[in-house]
Amino acid sequence: MVSIQSRWRYLFMFLGIQLVVMALLSREGYQKRVSYFIRIFRKPDSTGRNHTVAGVSGGDVYANLSHLSKAHHHGDEMPYCPKTSPFIRGPIHVSFPSGLTLAEVQKKNPLVVRGGRYRPPDCEARHRTAIIIPHRHREHHLKFLLYYLHPFLQRQQLHYGIYIIHQAGNYTFNRAKLMNVGFREAMREEDWDCLFFHDVDLIPEDDRNTYVCDSNPKHAAIAMDKFGYKLPYKMYFGGVSALTPLHYLKMNGFPNNYWGWGGEDDDIGVRVSLSGMYITRPSLKVGRYKMIKHKLDKGNDVNPKRFNMLAKTRQTWKTDGMNTAEYETISRQYLPLYTNITVNIGTEAGLHPPSPTPPPPAKGAGKPAVKAPAVKAPAEAPAKGPAKPPAKPPAKLKEGHPESP
Ligand SMILES: *[C@@H]1O[C@H](CO)[C@@H](O)[C@H](O)[C@H]1NC(C)=O
Ligand SMILES: *[C@@H]1O[C@H](CO)[C@@H](O)[C@H](O)[C@H]1NC(C)=O
Ligand SMILES: *[C@@H]1O[C@H](CO)[C@@H](O)[C@H](O)[C@H]1NC(C)=O
Ligand SMILES: *[C@@H]1O[C@H](CO)[C@@H](O)[C@H](O)[C@H]1NC(C)=O
């Protein structure tokens with residue numbers, strides 16, 4: 001027996017569901033149809049190199065880059081690069097050939113110089129971007145990332161540098177603190193106007209996803225294959241994000257106290273809004289990434305405290321961040337494809353806990369152990385005031401307005 005009243009209720013429920021479904025379809029339907037066609041038109045091939053993607057030929061991240069080495073300009077009056085690089089092509093085919101070596105990556109990138117730096121040879125870059133990659137025991141992933149990232153950034157005609165921030169010892173991994181180290185160490189070396197904080201296992205799949213900063217912090221990895229090429233939740237800020245030095249200082253960098261997997265990216269997302277900024281994003285079509293599959297690493301177990309910590313970000317962000325990041329630089333290697341900065345970031349108990357794990361010997365190239373200038377802050381720092389400036393004063397960190405006086 002169904003009363004009139006409940007029949008009306010069903011009718012309204014039905015209409016409501018219809019409206020929701022229609023809203024969803026109009027938002028994502030287009031994207032779905034497009035990716036469906038891309039899949040249909042993608043030719044299967046054995047080499048994994050030649051691809052036809054929805055009528056756009058290409059997909060090889062190295063296509064056309066060989067022209068660059070020939071067009072070498074010398075002289076003082078190099079023109080600015082065009083606003084949109086002519087090398088940008090769109091979708092990039094990403095695969096992981098088993099035999100790849102770093103030597104091959106080096107050979108394919110002849111214009112990359114010591115420390116993994118590059119400038120367009122025939123024009124003055126409009127943007128200077130540092131890539132910061134927290135790292136430990138992921139050489140296999142790093143090799144693939146470098147294979148794709150170098151040509152990807154060259155296609156965008158950027159002046160760039162790639163920094164690996166290597167956590168010494170075997171203590172629990174701390175991604176966010178390594179980012180703080182990367183920020184300070186990169187800014188010490190060059191006047192970068194944008195920093196990309198980049199997980200080692202994420203490969204960008206579209207070169208229209210330009211590695212330049214926005215007017216607000218940008219979350220670039222919005223569509224990962226792992227999440228079905230969708231944003232997993234609205235405040236998600238993980239994987240790859242881009243901040244100017246001023247953004248970074250405004251939010252007091254990243255938290256130092258997230259040891260182990262998880263939570264720190266949400267904390268960072270919360271810091272963005274607590275410091276009066278908002279998250280910008282590229283389109284879902286462009287912010288696509290392929291994740292290199294792997295198991296959870298040793299020494300990077302899920303952090304059980306993450307939810308409790310996250311609930312306190314509002315109270316902690318001003319006293320835990322860039323202004324309290326303590327570490328020691330153990331070695332600095334300027335390798336052909338990247339700069340490897342190895343650091344002791346200590347443990348929860350501090351930089352020199354009672355039974356410290358001895359850092360690995362710094363062998364090979366690079367300067368001997370360089371001690372970072374102490375960035376000590378009192379344990380009870382007052383919960384106000386701006387973040388301490390990095391090694392370089394922020395006055396030097398112009399926010400990319402070449403035309404302003
Ligand atoms: C890939 O493209 C090259 C030319 O760009 C061509 O010589 C080669 O036959 C193509 N290979 C496949 C498998 O289509
Ligand atoms: C890239 O190469 C294709 C052919 O492979 C050519 O049609 C296109 O004009 C080239 N683009 C640039 C910017 O050199
Ligand atoms: C870290 O662990 C590896 C084995 O997992 C071991 O070979 C190495 O000696 C350890 N390093 C330190 C500094 O304890
Ligand atoms: C970076 O340098 C450290 C110290 O020399 C070394 O143990 C580590 O393997 C290097 N990492 C990479 C990715 O080059």
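This structure is a prediction, so every number in the text was calculated from the model and none was measured. We use all heavy atoms of the structure for the numbers below, so side chains are in, but hydrogens, waters and symmetry mates are not. Order of appearance sets the numbers: ligands from 1, and atoms from 1 within every ligand.
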Q) Should the proximity of L142 to ligand 4, defined as any heavy atom under 4.0 Å, be assigned to the side chain, the backbone, both, or neither? A) side chain

Give the atom numbers and elements of ligand 4 that come within less than 4.0 Å of a heavy atom of [X].
X	answer
T342	1 (C), 2 (O), 3 (C), 4 (C)
S331	4 (C), 5 (O)
Q333	1 (C), 2 (O), 5 (O)

Q: Establish, yes or no, whether the cationic atom of R288 lies under 6.0 Å from the six-membered ring centre of Y229 and within 45° of the ring axis.
A: yes

Q) L153 versus F196: any side-chain heavy-atom pair under 4.5 Å? A) no

Q. Mind checking what makes salt bridge (Lys or Arg N to Asp or Glu O under 4.0 Å) contact with R208, not counting sequence neighbours?
A. D206

Q: With atom 6 (C) of ligand 4 as the reference point, say which of L146, I164, N340 has the nearest heavy atom.
A: N340

Q: State plainly whether the residues K107 and E104 are in salt-bridge range, i.e. N to O under 4.0 Å.
A: no

Q: Using side chain to side chain contact (heavy atoms under 4.5 Å, CB included) as the criterion, list what pairs up with P336, not counting sequence neighbours.
A: Q106

